[in-house]
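Accompanying notes for the structure given below.
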Amino acid sequence: MKISKEDIPVTMQSPDTIMRALPNYGGMTVCFNELPKGTDFTPLLKGLENNSCHCPHWGYVLEGSIRCIYDDGSEETVEAGDVFYWPSGHTAIVKDDVKMIDFSPTKEFNEVIAHVGKMMAESS
C-alpha cells in the first residue's frame, strides 16, 4: 500500500506552511509537514496535560531541523537525515525550514489536532 505525498489531504495551509494528514493509514495517521523556521507549537498546546503533546510520533526529517523539548526539560534537535521517535510529553520548535514525515496513533493525534485547531481559532 503506497500513497503519493500530494495525495495526502492538506489539513492546514498558509503561505509558508503545508500540513498534510491521512488517518487510519495502517492503523496510524501519516503526516507530511512543511513548516517555516520559527514555528513554535508550544502556545498551541496550552491547556493539554503538562501543556504538551500527548501523542507519540515516529518520523524522518527530509530537510531542515526541528527541536523537540520534553516535559522533563531535556531537548534534542532532529535534522535532515534523522529518523526520530518523540514519546508523549513534548513540544517542538522549527529551527530551520523543515520538511518531515511522521506517523502517529490516530486517536491521540486527533485529540491533539482538535485542541490545536481550537487554540488557533481562539487566537484569530
Side-chain angles (χ1 to χ4, degrees):
M1 180 182 229
K2 70 174 192 161
I3 189 166
S4 167
K5 139 183 130 170
E6 288 79 18
D7 292 332
I8 299 172
V10 173
T11 56
M12 188 179 312
Q13 188 166 3
S14 67
D16 298 328
T17 301
I18 299 176
M19 298 180 77
R20 300 172 180 272
L22 179 65
N24 300 313
Y25 190 71
M28 304 282 269
T29 293
V30 61
C31 298
F32 190 98
N33 298 313
E34 299 178 45
L35 305 165
K37 178 180 180 175
T39 300
D40 184 350
F41 289 95
T42 307
L44 300 173
L45 300 172
K46 189 172 180 129
L48 291 173
E49 185 176 344
N50 296 321
N51 296 316
S52 64
C53 180
H54 63 273
C55 180
H57 311 278
W58 293 260
Y60 180 75
V61 178
L62 295 143
E63 295 178 16
S65 62
I66 185 167
R67 180 171 51 127
C68 186
I69 304 158
Y70 299 101
D71 286 355
D72 67 4
S74 63
E75 300 181 13
E76 67 181 341
T77 298
V78 292
E79 53 193 14
D82 289 344
V83 172
F84 65 88
Y85 165 65
W86 294 340
S88 63
H90 63 272
T91 188
I93 302 169
V94 177
K95 290 183 68 175
D96 297 299
D97 293 357
V98 73
K99 290 184 182 180
M100 59 189 274
I101 186 167
D102 68 80
F103 301 86
S104 308
T106 297
K107 177 185 178 288
E108 291 87 346
F109 178 81
N110 287 343
E111 292 168 353
V112 172
I113 289 303
H115 181 83
V116 166
K118 178 181 151 200
M119 295 299 286
M120 290 178 72
E122 289 175 5
S123 68
S124 297

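Please read these numbers as outputs of a predicted model, since none were measured by experiment.
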Could you pull out the closest heavy-atom pair between [X] and [Y], with the gap in Å?
X	Y	value
Leu44	Met120	CD2-CG, 3.5 Å
Thr39	Pro36	OG1-O, 2.8 Å
Leu62	Ala80	O-CB, 3.6 Å
Pro23	Thr106	CB-CG2, 4.0 Å
Lys95	Lys37	O-CG, 3.0 Å
Asn24	Thr29	N-OG1, 4.1 Å

* Say whether Leu22 and Phe109 are linked into one hydrophobic cluster, either directly or through other cluster members, by side-chain heavy-atom distances under 4.5 angstrom. =>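 As far as the 4.5 Å side-chain criterion goes, Phe109 and Leu22 are not connected within one cluster.
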* Is Val10 reachable from Val30 through a run of hydrophobic residues whose side-chain heavy atoms are each under 4.5 Å from the next? ->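 In one cluster with Val30: Val10, no.
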* Asked: Which pairs pass ring-ring contact (aromatic ring centres under 6.0 Å, His included) with one or both residues in residues 43-74, sequence neighbours excluded?
  ->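 Output for this query lists His57-His90, Trp58-Tyr85.
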* Derivation and outcome, side chain to side chain contact (heavy atoms under 4.5 Å, CB included), residues Leu35 and Phe41 -> CA-CA 11 Å; Leu35 305 165; Phe41 289 95; 3.8 Å; yes
* Asked: CD1/Ile18 to CZ/Phe32 distance, rounded to the nearest 0.5 angstrom?
  ->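 Those atoms lie 9.0 Å apart.
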* Asked: Say you draw a straight line from CD1 of Ile8 to CD1 of Ile101; how long is it, rounded to the nearest 0.5 Å?
  ->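 Ile8 CD1 to Ile101 CD1: 5.5 Å, rounded to 0.5 Å.
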* Asked: Any ion pair linking Lys46 and Glu122 (charged N to carboxylate O, less than 4.0 Å)?
  ->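 No, no charged N to carboxylate O under 4.0 Å.
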* Please confirm whether the backbone N or O of Phe103 pairs with a side-chain atom of Tyr25, one donor and one acceptor, at under 3.5 Å? =>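 Looks like no, no N/O pair under 3.5 Å.
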* Main-chain N/O of Phe84 paired with Asp82 side-chain donor or acceptor, under 3.5 Å ->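 Here the side-chain-to-backbone pair does not exist.
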* Asked: Considering residues, nucleotides and ligands other than Glu75, do more than 12 of their heavy atoms fall under 6.0 Å from its CD?
  ->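 Atom CD in Glu75 is crowded, with more than 12 foreign heavy atoms closer than 6.0 Å.
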* Contacts of type salt bridge (charged side-chain N to carboxylate O under 4.0 Å, His left out), residue Glu111, not counting sequence neighbours ->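 With neighbours one apart ignored, the set is Lys107.
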Within a strict 4.5 Å, meaning less than it, do heavy atoms of the [X] and [Y] side chains meet?
X	Y	value
Pro105	Met28	yes
Val98	Asn33	no
Thr11	Ile113	no

* Without hydrogens or angle criteria, can the side chains of Thr77 and Ser65 be said to hold a donor-acceptor pair below 3.5 Å? ->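 Side-chain D/A pair, Thr77 to Ser65: absent.
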* Val78 and Trp86: side chain to side chain contact (heavy atoms under 4.5 Å, CB included), yes or no, with the steps? -> CA-CA 10 Å; Val78 292; Trp86 294 340; 3.8 Å; yes
* Among Val116, Asn50, Asn51, whose side-chain contact (heavy atoms from CB on, under 4.5 Å) with Leu45 holds? ->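 Of Val116, Asn50, Asn51, side-chain contact (heavy atoms from CB on, under 4.5 Å) with Leu45 is met by Val116 alone.
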